[in-house]
Every structure is written in C-alpha cells, then in structure tokens.
Amino acid sequence: MPRKTSPRVATSLGCAPLRAMYRAAEKRKPSRWPEVEKEFLQAMWDFDQKFASGEANQGDNQNGKGDFFTDLIALLLENCSDKSLYGRGSVPGLIFPNHALDASYPQTGTVEVLVETKVAGAPKTLRNPSQKNPRGRMGSADLDKRIKEAGLKTIDLKAEWPRGAGKGGGPTNDLITWLRRSKPMSVLSMAIRVVDKNDLERTIHFANAAGQMMDAVGLVAYEPNPKNKGYHALKGPPHLELDRVLSRVCTALRNLP
DNA sequence: ACCAACAAACACGGGACGGC
DNA sequence: GCCGTCCCGTGTTTGTTGGT
C-alpha cells in the first residue's frame, strides 16, 4: 500500500508545478536525490513565482510546499528500500502523548525510523509589501524555533523507547551520546531557500545543531540565480548532503523486517 | 567620541488545513 | 470542532555604519 500523499498538492491549482514534478518523478522511479534535484528546484521556482504573484495562495504555500517535499523524500526512500513509509499521527513520546510523524516506518507499533522534513524561505510576495529585501525572506529566519521543535520530538521519542522495552537504558547523564545510540533512527531533511551568504551560514549552523540531536541531517540549500531566473543549489559541508543522509536511511530501512 | 539611520536578528503571533 | 503542524508576517531589540 503506497504512502498517502498531500491532498493539497493533488488538487490545488496553485500547487500545479509541485504536482507535475511529483507525478513525473513517480513514473521515473528515482531512488537518489541527485536524480530529482534539478526538477525539484525548477518546481520550487515555478511555484514561488506563482506565490509571488498571488496565483498560488497562502494555503498552497503553507500546506503544499512542505508536504510536497515530504512526499518526494518518501518516494526516494521507498524506491530505494522497497519498504513503504507512513505518515503517522498520535505517536506517544515519553513526555508528549501525541507526536505527528512526517514519514516513518513501520506503519504501526514502535517507531524504527523517522524522517522529518522542513522547508523554509519565501520570495518577496504581493501579500507582504513590507518585505524590504527584494530577494525575499531569509530561509534561516524561523529555523531556531523549528529545529527546536524537531529536536524535542526526537528526544521524546527516543526517551520513550526504553521505557516501553522495559530493559533500562533510558537517558543518561550524557544526553548527546545517549541520543546517538538510541532508537528510533531519527533524521531531518531540509529544503531551505536562502537569500545570501550569511543566510546560508546561519542555515548550516542550525542544521548542525539539529545534527547534535538527530541521527542525521540532510540539507538542500538553494538561492535565486543572479538574473533572478531559477534556483541553483548551494554547496554545504559533506555531512549535510541530502544524498548521503538518504543513503543511510535507505540502508537502515533495508535491514529492517 | 557621539548619535542618528539603517540593517540584521529575535521573538512572538498567526492563517490555513488535515487528522482525529 | 478541536488540535497540531505546515510556513510566513511583523513589531521590537540589538548591532553596524558613517557622518560630524
């Protein structure tokens, strides 16, 4: 049974570029990030153009973009591992009883693998006249809060595992070390539209912070081309390369029953 | 050395919508 | 219908620059 994909992307007029890209990817059966990166950036560009002009609305942006990226990442992992991933709601952590998971495995019971995604960054749009920077909002603007959210989710789920297993081994006095050897495998993949060099540095800083808490963090950072036509991906540190991170997840998935 | 002007960073507060 | 998560908008604070 295939993973359920975003209804917003499937139906909304404003999300047409995202929908078209996903549909095309589905047919090509890609299993690695480099196979889809160009098309992803083009789709995001086309979408952002629509968003800037008002053709795509706030709903498309907030409920389409992020889910689209989740769908795409899940598609790659499914093709690569031959496992189905699932979005899940109400998964209990140690502290909070109801976490929602973007893409995870297996479908029920204790979570083995969790993939969270974040997308951030917006062009200057008509609905935000006060945006001064013509290149748009900084992608890193909101990362502090959102990385903290993702980190807490990871910690809470990892802390819940040993409690359920009943064999000890809960959080020790060295939190980071404990997180790294604890299940579920928890990774974050981020697609961040960046406005300048500084914005990129900040984004990498937050990605590394996330990497302290989660087992792996993948980042695709991109910025508008000089002539303001299309996006190009930016180079980050190797350990944050999305392709490497997805490979690790794929291997983990393959080794699971 | 001062201070105004501008920019960057931070913190908080949503609107939108799907899942339960 | 509530609740949680999606990502963005904007007022306030902190930092930087450049003129006198």
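Below, chain A is the first sequence line, B the second, and so on; all start at residue 1.
Residue A/Lys145 has no polar side-chain atom (N or O) positioned under 4.0 Å from OP1 or OP2 of B/dA11. Proximity of A/Arg202 to the phosphate of B/dC10: a side-chain N or O atom is located under 4.0 Å from OP1 or OP2. For A/Asn198 and B/dA7, the shortest distance from a side-chain N or O to OP1 or OP2 is not below 4.0 Å.
Inspection of the A/Asp199 and A/Ser140 side chains reveals an N or O donor paired with an N or O acceptor under 3.5 Å.
Two rings, from A/Phe40 and A/Trp33, have their centers less than 6.0 Å apart.
Note on A/Gly121: only backbone sugar-phosphate atoms sit closer than 4.0 angstrom, heavy atoms only; bases stay farther off.
Each of C/dT5, B/dG18, C/dC8 was ranked by its minimum atom distance to the side chain of A/Ala100; first place goes to C/dT5. Comparing B/dA9, C/dC8, B/dC17 against the side chain of A/Asn63 picks out B/dC17 as the nearest. Counting only heavy atoms from C-beta on, A/Arg146 has its side chain closest to C/dC7 among C/dC7, B/dC10, B/dC17.
Clustering ILVMFWY residues whenever any of their side-chain heavy atoms sit less than 4.5 angstrom apart, transitively, puts A/Ile192 in the very cluster that holds A/Met214. In the hydrophobic cluster analysis, where Ile, Leu, Val, Met, Phe, Trp and Tyr join through side-chain heavy atoms closer than 4.5 angstrom, A/Leu76 is grouped together with A/Leu256.
Residues of residues 36-60 of chain A that place a heavy atom closer than 4.0 Å to DNA chain B, in numerical order, are A/Gly59.
A/Glu78 and A/Lys83 are not joined by a salt bridge, as no carboxylate oxygen comes within less than 4.0 angstrom of a charged side-chain nitrogen.
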Dot-bracket summary - DNA chain B, pairs being Watson-Crick or G-U whose distances fall under 3.5 Å, with | when paired to another strand: ||||||||||||||||||||
